[in-house]
Amino acid sequence: MSGRTELIPAQTPASGLPVQRVNLEVSAGPDAGTTVSSSAEKLTLGTAPGNDLVLTDTTVSRFHAELVRERGGYRVKDLGSTNGTRVDHVRVQDAYVADGSTLTFGGTTVRFSLVATRDVLPLHPEPHFGGLVGESAVMRALFAQLARLAATDATVLVEGESGTGKELVAEALHQASPRASGPFVVVDCGSIPSELVESELFGHEKGAFTGATHERRGAFEAASGGTLFLDELGELPLAVQPKLLRALERRQVKRVGADGYRSVDVRFVAATHRDLREAVNRGQFREDLYFRLAVGMVRVPPLRAHLEDLPHLLEHLWAETFRSLGLPPRPFTAPSPETLHQLSTLPWRGNVRELRNFVERSVALSGALDASFLQAASVPAASAGAPTVRVELPYKEAKEAWLAHFEETYLRQRLAASGGNVSQMAREAEVDRAHVIKLLRKHAVR
Ligand SMILES: Nc1ncnc2c1ncn2[C@@H]1O[C@H](COP(=O)(O)OP(=O)(O)OP(=O)(O)O)[C@@H](O)[C@H]1O
């Protein structure tokens with residue numbers, strides 16, 4: 001016995017992914033007697049219409065809390081509510097709940113219970129969809145959902161941690177849709193200075209502002225006949241949000257400095273790694289825009305939720321690395337069981353992007369997948385303590401590894417101190433916001 005936890009090979013049930021169904025029954029408060037039953041991965045509750053459990057209790061916030069199904073069970077997460085969330089009378093921010101737990105939201109009490117029968121989600125027949133790969137049941141259930149959504153023109157909101165593949169999801173939706181022959185236009189709200197977002201989205205007339213020496217069409221017009229993908233939607237300035245709402249509702253946009261509206265024909269997909277419901281509670285995101293976007297909700301799982309895809313992903317990213325570097329492909333050699341084991345025990349906070357970085361480093365430094373090429377940040381022990389100077393590396397690489405540790409530690413702690421608000425963090429750190437975003441991506445911090 002090695003005492004090691006083995007990586008479970010991908011075993012995909014042929015028919016579908018069995019998912020748990022839960023019941024939420026309001027047992028005390030103005031809505032006593034109301035019951036909701038669902039097998040959704042995420043359930044929200046609050047007073048805003050559109051929550052899965054809508055409460056009328058005035059001590060409950062608009063988006064008060066959510067219940068998320070994970071491998072280890074169900075978790076309840078408070079969404080920054082005014083009066084807090086309790087599990088069995090203990091106030092919590094984020095906690096696991098058990099069958100029969102009593103949950104309290106403000107002045108309302110809800111009984112949480114598991115339903116004996118399981119629902120079954122359909123699975124996509126192939127272990128890939130567009131540029132996404134995954135053999136696991138969770139990924140193939142996601143592909144099946146994407147295939148269904150691609151056939152429609154519905155607006156889609158893609159949620160997921162950084163590096164999980166949200167942009168690939170948007171691109172795959174476009175490619176599988178009837179608009180595939182039209183343009184796929186990407187706007188990253190996080191990397192555009194806030195004063196330029198409106199012109200980037202809707203265009204401007206000549207002379208509309210200092211520097212507007214020519215008229216310019218915006219992303220909506222550029223995407224006409226195709227799909228417009230807005231990344232980092234949570235960073236969209238509040239002032240632009242009503243204009244986006246209008247554009248989505250009426251399919252009309254007005255260039256900055258123009259008098260009239262122009263019609264546009266676009267399919268709209270947006271992504272966020274931030275919880276927009278929390279942003280709504282804080283007054284940073286408009287509730288009406290949130291509901292307009294959340295017509296089709298797609299949640300991309302973090303890598304730690306489908307580790308059985310590691311071998312398949314490594315092989316895919318290996319080929320991708322050679323392709324992107326313009327190098328002749330080299331045959332893939334599967335990692336040793338030890339390496340695979342080590343990879344499967346890491347937190348992968350940067351998700352598939354971090355895995356890709358690891359593959360790229362391995363290719364560049366040795367041509368074989370080797371766990372010693374994991375960046376210091378991936379390995380919990382290294383990121384927790386003081387940085388070690390890796391004297392076994394050549395001077396330049398040792399210095400880079402040490403600097404990388406400094407950058408990541410600084411970014412993580414600064415970002416946490418500013419409550420995850422990148423603009424505020426950039427101001428406080430006296431670093432240009434676009435540079436901060438580049439660094440955050442480099443270190444897979446978000
Ligand atoms: N399931 C997957 N199969 C293949 N490649 C993937 C998968 N998921 C992510 N990737 C790769 O990981 C990298 C990050 O993906 P992507 O940029 O789509 O993530 P993201 O969620 O949009 O990140 P961010 O929130 O930082 O914008 C890309 O190189 C992408 O090709």
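One-based numbering, in listed order, for ligands and for the atoms of each. Values below: all heavy atoms of this structure, side chains included; hydrogens, waters and symmetry mates excluded.
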Ion pair [X]/[Y], N-O distance below 4.0 Å:
{"X": "Arg274", "Y": "Glu159", "answer": "no"}
{"X": "Asp94", "Y": "Lys77", "answer": "no"}
{"X": "Arg140", "Y": "Glu135", "answer": "no"}
{"X": "Arg282", "Y": "Asp275", "answer": "no"}

* Of all heavy-atom pairs between Ala429 and Tyr410, which one has the smallest distance, and what is that distance? -> CB-OH, 3.6 Å
Provide the number and element of each atom of ligand 1 under 4.0 Å from a heavy atom of [X].
{"X": "Gly131", "answer": "3 (N), 4 (C)"}
{"X": "Val352", "answer": "6 (C), 7 (C), 8 (N), 9 (C), 10 (N), 11 (C), 12 (O)"}
{"X": "Arg356", "answer": "28 (C), 29 (O)"}
{"X": "Glu167", "answer": "18 (O), 22 (O)"}
{"X": "Glu161", "answer": "21 (O)"}
{"X": "His316", "answer": "4 (C)"}

Can you confirm, on distance only, whether ligand 1 has an N/O atom lying under 3.5 Å from any N/O atom belonging to [X]?
{"X": "Gly165", "result": "yes"}
{"X": "Leu313", "result": "no"}
{"X": "His273", "result": "no"}
{"X": "Gly163", "result": "yes"}
{"X": "Leu317", "result": "no"}

Taking atom types as modelled and ignoring hydrogens, do the side chains of [X] and [Y] form a donor-acceptor contact shorter than 3.5 angstrom?
{"X": "Asn281", "Y": "Ser61", "answer": "no"}
{"X": "Arg246", "Y": "Gln252", "answer": "yes"}
{"X": "Arg179", "Y": "Thr227", "answer": "no"}
{"X": "Ser136", "Y": "Asp309", "answer": "yes"}

* Asked: Looking only at heavy atoms, is any part of Leu355 under 4.0 Å from ligand 1, and if so is it the side chain, the backbone, or both, or is it neither?
  -> neither
* Asked: Touching ligand 1 at all, Met139? Heavy atoms, strictly under 4.0 Å?
  -> yes
